[in-house]
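Each remark here refers to the structure printed beneath this line.
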Amino acid sequence: MNEEKIREAVRLFLEGIGEDPDREGLRDTPERVARMCGEIYGGLSGDAGEHLGKTFESDSGRMVLEKDIGFYSTCEHHLLPFYGKVHIAYVPSKRVVGLSKLARCVEVFARRPQIQERMTEQIADAVMESLRPEGVMVMVSAEHMCMTMRGVKKPGSQTVTMTTRGSFAREKELREAFVQLVRH
């Protein structure tokens, strides 16, 4: 990440909206924003496979669900936050992953300029590629500040995206079980 370019861009932005970047309250803002970018866009250099790579043997073959994984991301269209919860289920094929690793996978994709639809697909693909399960299902529910703060100004509205792979795509019962478990 090029922090110098970020600092320059923030100064230009402040000038562009009619602010004085040298006034006391804004003087250190370019530096603060540059540091913040390292944190909130850290997923740009992340690799979900790295987190999902450590697995453990399991013969259960039953659905594993990690739900209510909180996340924050940034809409690539307006550079405003969107945030919510991710629910991930998979049917293991002899191997399971530590549950915290699913949350780390979410963070890799959430911490980059993003759209929710793509993030949902990326999470499912990473789980399928790394764990090689029988199937995976991912649901993301989020509130988008670009819908709340600007445009239609509808606070509280939720966007829900869902994707399935493998056995979840083929078996209606698995999908229904997933939705039922997420609701409870």
Side-chain angles (χ1 to χ4, degrees), residues 1-3 5-7 9-10 12-14 16-17 19 26 29-52 64-90 97 99-131 136-165 168-169 175 178-184:
M1 209 165 288
N2 187 326
E3 288 190 10
K5 283 190 174 187
I6 295 168
R7 288 190 292 273
V10 171
L12 288 172
F13 174 79
L14 291 170
I17 63 170
E19 268 290 359
L26 294 175
T29 296
E31 179 62 35
R32 284 191 294 268
V33 171
R35 284 193 315 269
M36 175 192 72
C37 286
E39 182 178 344
I40 66 174
Y41 299 121
L44 287 166
S45 59
D47 176 10
E50 181 181 308
H51 299 294
L52 296 171
V64 175
L65 170 65
E66 184 70 18
K67 68 180 196 172
D68 296 331
I69 302 168
F71 77 93
Y72 296 90
S73 193
T74 305
C75 166
E76 68 183 33
H77 299 140
H78 300 99
L79 295 181
L80 288 172
F82 68 97
Y83 60 93
K85 298 200 182 285
V86 177
H87 316 287
I88 304 170
Y90 69 99
V97 68
L99 298 177
S100 69
K101 305 308 184 198
L102 294 173
R104 292 186 189 284
C105 172
V106 169
E107 287 298 302
V108 166
F109 296 114
R111 293 192 179 275
R112 53 181 70 176
Q114 186 62 277
I115 61 172
Q116 181 176 330
E117 297 86 345
R118 182 185 314 117
M119 185 177 85
T120 306
E121 300 290 327
Q122 288 172 328
I123 293 167
D125 290 341
V127 172
M128 282 299 286
E129 182 179 313
S130 295
L131 303 182
V136 67
M137 187 164 177
V138 176
M139 178 190 290
V140 179
S141 178
E143 183 170 350
H144 292 248
M145 292 294 99
C146 56
M147 291 257 312
T148 298
M149 296 175 64
R150 55 157 304 282
V152 297
K153 297 183 183 96
K154 298 297 179 200
S157 63
Q158 294 285 306
T159 299
V160 179
T161 51
M162 192 173 350
T163 194
T164 58
R165 303 284 189 274
F168 281 95
R175 291 189 305 274
F178 171 91
V179 171
Q180 186 176 4
L181 288 168
V182 166
R183 286 186 181 156
H184 290 91

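Just so you know, residue 1 is the first one in the sequence shown, and it goes up from there.
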For [X] and [Y], work out which heavy atoms get closest and say how close.
{"X": "Thr148", "Y": "Gly156", "value": "OG1-N, 4.4 Å"}
{"X": "Ala126", "Y": "Leu52", "value": "O-CD1, 3.6 Å"}
{"X": "Val108", "Y": "Ala48", "value": "CG1-N, 3.8 Å"}
{"X": "Glu3", "Y": "Ala34", "value": "O-CB, 3.9 Å"}
{"X": "Thr163", "Y": "Arg165", "value": "OG1-NH1, 2.6 Å"}
{"X": "Ser141", "Y": "Val160", "value": "OG-CG2, 3.9 Å"}

Quick one: pull up [atom1] in [X] and [atom2] in [Y] and give me the separation to the nearest 0.5 Å.
{"X": "Met162", "Y": "Met139", "atom1": "CE", "atom2": "CE", "answer": "3.5 Å"}
{"X": "Glu107", "Y": "Ser73", "atom1": "CD", "atom2": "OG", "answer": "9.0 Å"}
{"X": "Phe71", "Y": "Arg111", "atom1": "CZ", "atom2": "CZ", "answer": "11.5 Å"}
{"X": "Cys146", "Y": "His77", "atom1": "SG", "atom2": "NE2", "answer": "8.5 Å"}
{"X": "His78", "Y": "Met145", "atom1": "NE2", "atom2": "CE", "answer": "13.0 Å"}
{"X": "Thr29", "Y": "Glu19", "atom1": "OG1", "atom2": "CD", "answer": "9.0 Å"}

Given side chains that start at C-beta, do those of [X] and [Y] come closer than 4.5 Å, heavy atoms only?
{"X": "Phe178", "Y": "Thr164", "result": "no"}
{"X": "Leu65", "Y": "Met137", "result": "no"}
{"X": "Tyr72", "Y": "Ile40", "result": "no"}
{"X": "Phe82", "Y": "Cys75", "result": "yes"}
{"X": "Arg150", "Y": "Leu80", "result": "yes"}
{"X": "Leu131", "Y": "Val136", "result": "no"}
{"X": "Tyr90", "Y": "Met128", "result": "no"}
{"X": "Val97", "Y": "Val64", "result": "no"}

Original post:
What residues, two or more places apart in sequence or in another chain, satisfy side chain to side chain donor-acceptor pair (under 3.5 Å) together with Gln122?
Top reply: Gln114
For the backbone of [Y] and the side chain of [X], can you confirm whether one donor and one acceptor N or O come within less than 3.5 Å of each other?
{"X": "Gln116", "Y": "Val140", "result": "yes"}
{"X": "Arg175", "Y": "Ala169", "result": "yes"}
{"X": "Arg112", "Y": "Gly43", "result": "yes"}

Subject >> Within 6.0 angstrom of Met149 CE, more than 12 heavy atoms from elsewhere >> reply: no
**OP:** Would you list the pairs meeting salt bridge (Lys or Arg N to Asp or Glu O under 4.0 Å) in which at least one residue belongs to residues 137-148, sequence neighbours left out?
**Re:** none
Original post:
How would you list, by chain and number, every residue that makes a side-chain contact (heavy atoms from CB on, under 4.5 Å) with Lys5, sequence neighbours excluded?
Top reply: Asn2
Subject >> Carboxylate-amine/guanidinium proximity below 4.0 Å for Arg35 and Glu31 >> reply: yes
Original post:
Does the pair His87 and Val138 meet the rule for a side-chain contact (heavy atoms from CB on, under 4.5 Å), with working shown?
Top reply: CA-CA 6 Å; His87 316 287; Val138 176; over 6 Å; no
